[in-house]
Asker: 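One structure follows; several queries about it will come next.
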Amino acid sequence: MNLAKRLFGGSLILIALILITYFGRPTFAIGFTIFSSIACIELIRALRNISYNVPKRFALVVNAFLMFNAYFGEDKIFIIGIVTIMISIFVFMIFNKKFQMQDFFALLFVITYISIFMSNAVMIVDKRYLYMLYIIAWGSDTFAYLTGVSIGKHKIKSLEEISPNKTIEGFVGGVCGAVLLNLIYVNFSGLDKNIILVIIFTIISAILSETGDLVASFIKRKCGIKDYGDLIPGHGGILDRFDSILFISPCMFLFTII
């Protein structure tokens, strides 16, 4: 029952992503701005459990600016935009007495962890790479889950406090599954990439995907929550489903320009 609910929820969000990707960059940028905004709200809400009062409205404005900048700006303009945001945050900190200094460090964390990482996906022009991003992120997640549930026996002891159900078999299954799916996809998508490079990139990205999942779990443990939200059946919030994409997006953008 849990697997069926998980697959249903995952399918819903995957269909939504495929649709906004299919209709082109403007639709994708708008959709990703919405997703990243929800993720920011979820993380800010979680951080309140450990006494961080992140300025939500300001964070959402910064998030939207980063997505806008990623869509319209070139690399140099993007860097200028990030510097401008950092300066704006410090100016806001000086003139706003409602928030403590640690709240602004938390704000920087929210912007870096969600907005900057996710904005890299908006910078990707060729939609074929975005489909590859989804395949790696959720292919590795699905194969890791299925492999771990079916044959996983050796738990990763160093990660028991963060994710007690993680197994070596699940980790390896997730990486291998992502490589297999990506090779099939590249063969049919017409991407002109060296197969060895694709395999290496997919292995690195699959490891980053599972790392992203662990980081999200670590934050949840520290904040004393099970899920970031309840928007997606079987998964929780947007951030619960996008935790893998966060870490892969910068790597995927670099892969597109190699």
Side-chain angles (χ1 to χ4, degrees), residues 25-26 28-124 162 208 211-229 231 236-254:
R25 282 195 77 210
F28 177 80
I30 293 171
F32 239 56
T33 300
I34 295 172
F35 286 135
S36 59
S37 297
I38 296 173
C40 284
I41 293 171
E42 291 174 345
L43 183 55
I44 290 170
R45 187 169 54 212
L47 290 173
R48 285 177 182 168
N49 289 352
I50 50 176
S51 302
Y52 287 106
N53 183 28
V54 179
K56 183 171 67 174
R57 292 180 183 178
F58 189 74
L60 293 177
V61 170
V62 171
N63 177 74
F65 177 81
L66 277 171
M67 297 300 162
F68 179 87
N69 199 36
Y71 179 77
F72 289 102
E74 298 179 356
D75 294 345
K76 292 180 180 179
I77 299 176
F78 185 72
I79 294 172
I80 293 172
I82 291 178
V83 172
T84 302
I85 287 172
M86 296 299 109
I87 294 174
S88 299
I89 290 173
F90 290 122
V91 172
F92 184 81
M93 177 178 67
I94 293 172
F95 290 100
N96 198 309
K97 306 301 181 182
K98 178 181 176 181
F99 301 98
Q100 301 296 319
M101 188 170 182
Q102 61 265 25
D103 297 330
F104 288 94
F105 286 113
L107 171 62
L108 289 172
F109 171 71
V110 171
I111 292 170
T112 303
Y113 181 57
I114 296 176
S115 306
I116 292 179
F117 282 7
M118 287 185 71
S119 65
N120 279 267
V122 179
M123 295 172 68
I124 297 173
I162 302 173
L208 287 174
T211 302
D213 179 61
L214 290 171
V215 170
S217 297
F218 173 81
I219 296 171
K220 286 189 286 188
R221 293 275 177 178
K222 292 297 182 181
C223 293
I225 59 174
K226 182 180 179 182
D227 295 314
Y228 287 105
L231 189 62
I238 289 294
L239 191 50
D240 291 291
R241 198 68 186 110
F242 277 69
D243 52 11
S244 302
I245 286 182
L246 292 174
F247 276 47
I248 304 177
S249 293
C251 189
M252 179 61 74
F253 174 69
L254 291 175

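Quick note: residue numbers are just sequence positions, from 1. Since we're looking at a predicted model, the values are computed, not measured.
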Asker: Which atom pair, heavy atoms only, marks the closest approach of L66 to S119?
Answerer: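 Looking at all heavy atoms of both residues, the closest pair is O-CB, 4.0 Å.
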Asker: Is there side-chain contact between L246 and V215, with heavy atoms separated by less than 4.5 Å?
Answerer: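 Side-chain contact under 4.5 Å: no.
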Asker: Going by the rule side-chain hydrogen bond (donor to acceptor under 3.5 Å, both in side chains), which residues pair with S115 if we only count those two or more places apart in sequence or in a different chain?
Answerer: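 In terms of side-chain hydrogen bond (donor to acceptor under 3.5 Å, both in side chains), with neighbours along the sequence ignored, S115 is linked to N63.
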Asker: Nearest 0.5 Å please: distance from the CD1 atom of I38 over to the CD1 atom of I114.
Answerer: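 Reported value, rounded in 0.5 Å steps: 11.0 Å.
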Asker: I'd like to know if the side chain of E42 and the backbone of G237 have a donor-acceptor N/O pair within less than 3.5 Å.
Answerer: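 No, the answer is negative, given that no donor and acceptor are paired below the 3.5 Å cut-off.
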Asker: Taking the side chain as C-beta and beyond, is there a heavy-atom pair between F109 and I219 under 4.5 Å?
Answerer: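 Heavy-atom side-chain distance check passes, below 4.5 Å.
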Asker: Decide, yes or no, whether a salt bridge links D240 with K220 under the criterion of side-chain N to carboxylate O below 4.0 Å.
Answerer: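 Yes.
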Asker: Taking all atoms of both residues into account, what is the closest heavy-atom pair of F99 and V54, and its distance?
Answerer: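 The pair with the smallest heavy-atom distance is CE2-C, 4.2 Å.
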Asker: Please report the closest heavy-atom contact between Y228 and A216, naming both atoms and the distance.
Answerer: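 Where Y228 meets A216 most closely, the heavy atoms are OH-O, 2.9 Å.
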Asker: Can you check side-chain contact (heavy atoms from CB on, under 4.5 Å) on K222 and F218, steps first, answer last?
Answerer: CA-CA 6 Å; K222 292 297 182 181; F218 173 81; 3.4 Å; yes
Asker: Please enumerate all residues that pass side-chain hydrogen bond (donor to acceptor under 3.5 Å, both in side chains) together with S244, with sequence neighbours excluded.
Answerer: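 Partners of S244 under the side-chain hydrogen bond (donor to acceptor under 3.5 Å, both in side chains) test: S209.
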Asker: Restricting to non-hydrogen atoms, name the atom on P250 and the atom on F117 that form the minimum distance, rounded to 0.1 Å.
Answerer: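 Reported closest heavy-atom pair: CD-O, 4.0 Å.
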Asker: Closest heavy-atom contact between V110 and C40?
Answerer: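 Shortest heavy-atom contact: CG1-SG, 4.0 Å.
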Asker: Check whether R25 reaches the backbone of V122 with its side chain - one donor and one acceptor, N or O, closer than 3.5 Å.
Answerer: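 Present.
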Asker: Find out whether F35 and I245 are in side-chain contact, i.e. whether some heavy atom of one side chain is under 4.5 Å from a heavy atom of the other.
Answerer: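 A side-chain contact under 4.5 Å is absent here.
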Asker: Over all heavy atoms of both residues, which pair between S36 and M118 is shortest? Give the atoms and the distance, please.
Answerer: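 Taking S36 first and M118 second, the nearest heavy atoms are CB-SD, 3.8 Å.
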Asker: Please, which pairs that meet side-chain hydrogen bond (donor to acceptor under 3.5 Å, both in side chains) have at least one residue in residues 43-59, sequence neighbours excluded?
Answerer: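 Non-adjacent pairs meeting side-chain hydrogen bond (donor to acceptor under 3.5 Å, both in side chains): zero.
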